Amino acid sequence: MARTYEVGYFVGSLSSTSINRVLSRALIRLAPEDLRFTEIPIANVPLYSPDFDSDFPAEATALKAAVSRSDAVLFVTPEYNRSIPGALKNAIDWASRPWGQNSFHHIPAGVIGASIGAIGTAMAQQSLRAVLSFCNARQLTSPEAYIHYSPEVFASDGEVTDENTAAFLRDYMAEFRDHVERVLTVLPRA
């Protein structure tokens with residue numbers, strides 16, 4: 001019997017009208033059937049401080065537990081000022097702390113994002129990849145996916161109306177799935 005992989009996903013934007021939330025819906029619709037997705041919420045997590053390392057607040061404990069329960073993580077992020085949004089970086093800081101209890105250690109990870117700009121989220125993804133490298137996440141490095149967002153292509157429910165875009169995203173998710181399987185074959189999650 002084929003295994004189902006639990007994928008925790010982060011939407012880097014807190015906006016109620018986030019185009020990256022729309023992209024996350026599209027990715028879930030186009031993903032292989034053996035991937036099951038659960039959003040890991042970041043909106044209510046307080047700002048990280050080492051002062052909390054011995055007594056995490058409930059929101060941070062829940063975030064770390066959600067990452068730990070996941071077989072893999074997928075980051076769907078916008079680009080803010082040529083980098084990742086502060087809320088997403090804050091969530092990563094919480095999940096990787098306290099020192100020695102990094103929830104991202106060896107986890108298979110994918111990075112993708114959408115923007116109305118021509119270069120998608122290339123700079124944000126570069127920043128995020130640097131952070132995930134330090135956290136020792138096992139990243140899918142190819143294909144890269146810098147999505148130029150257009151409301152004519154992405155319906156709010158995640159339907160992708162352009163077949164070339166849908167095919168690219170479907171292929172990206174198939175590669176992500178294969179990456180998850182390869183990493184977990186060598187580095188099973190505890």
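All values below were derived from every heavy atom in this structure, side-chain atoms included, with hydrogens, water molecules and symmetry-related copies excluded. This is a predicted model, so every value here is computed, not measured.
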May I ask you to check whether Gln139 and Thr141 show a side-chain donor-acceptor distance below 3.5 Å?
-> no
Distance-only side-chain donor-acceptor flag, Ser15 / Thr17, under 3.5 Å | yes
I'd like to know whether [atom1] of [X] has more than 12 heavy-atom contacts from other residues, nucleotides or ligands below 6.0 angstrom.
| X | atom1 | result |
| --- | --- | --- |
| Asp178 | CG | yes |
| Arg182 | CZ | yes |
| Leu187 | CG | yes |

Side-chain contact, heavy-atom cut-off 4.5 Å: [X] with [Y]?
| X | Y | value |
| --- | --- | --- |
| Ile112 | Tyr172 | yes |
| Pro151 | Val22 | no |
| Trp94 | Pro46 | yes |

Donor-acceptor pair, side chain of [X] and main chain of [Y], under 3.5 angstrom:
| X | Y | answer |
| --- | --- | --- |
| Lys64 | Asn102 | no |
| Glu79 | Ala124 | yes |
| His179 | Arg138 | yes |
| Arg25 | Ser156 | yes |

In terms of side-chain geometry, is the basic nitrogen of Arg177 or Asp34 positioned less than 4.0 Å from the acidic oxygen of its partner?
-> yes
Check the pair Glu6, Arg189 against salt bridge (charged side-chain N to carboxylate O under 4.0 Å, His left out), reporting the backbone distance first and the verdict last.
-> CA-CA 11 Å; Glu6 301 294 332; Arg189 298 286 286 161; over 6 Å; no
Do the two ring centres, one from Tyr149 and one from Phe154, sit under 6.0 Å apart?
-> yes
Hydrophobic cluster identity match, Tyr146 and Val131, side-chain contacts under 4.5 Å = no
Least distance between heavy atoms, Ala26 atom then Val160 atom = CB-CG2, 3.6 Å
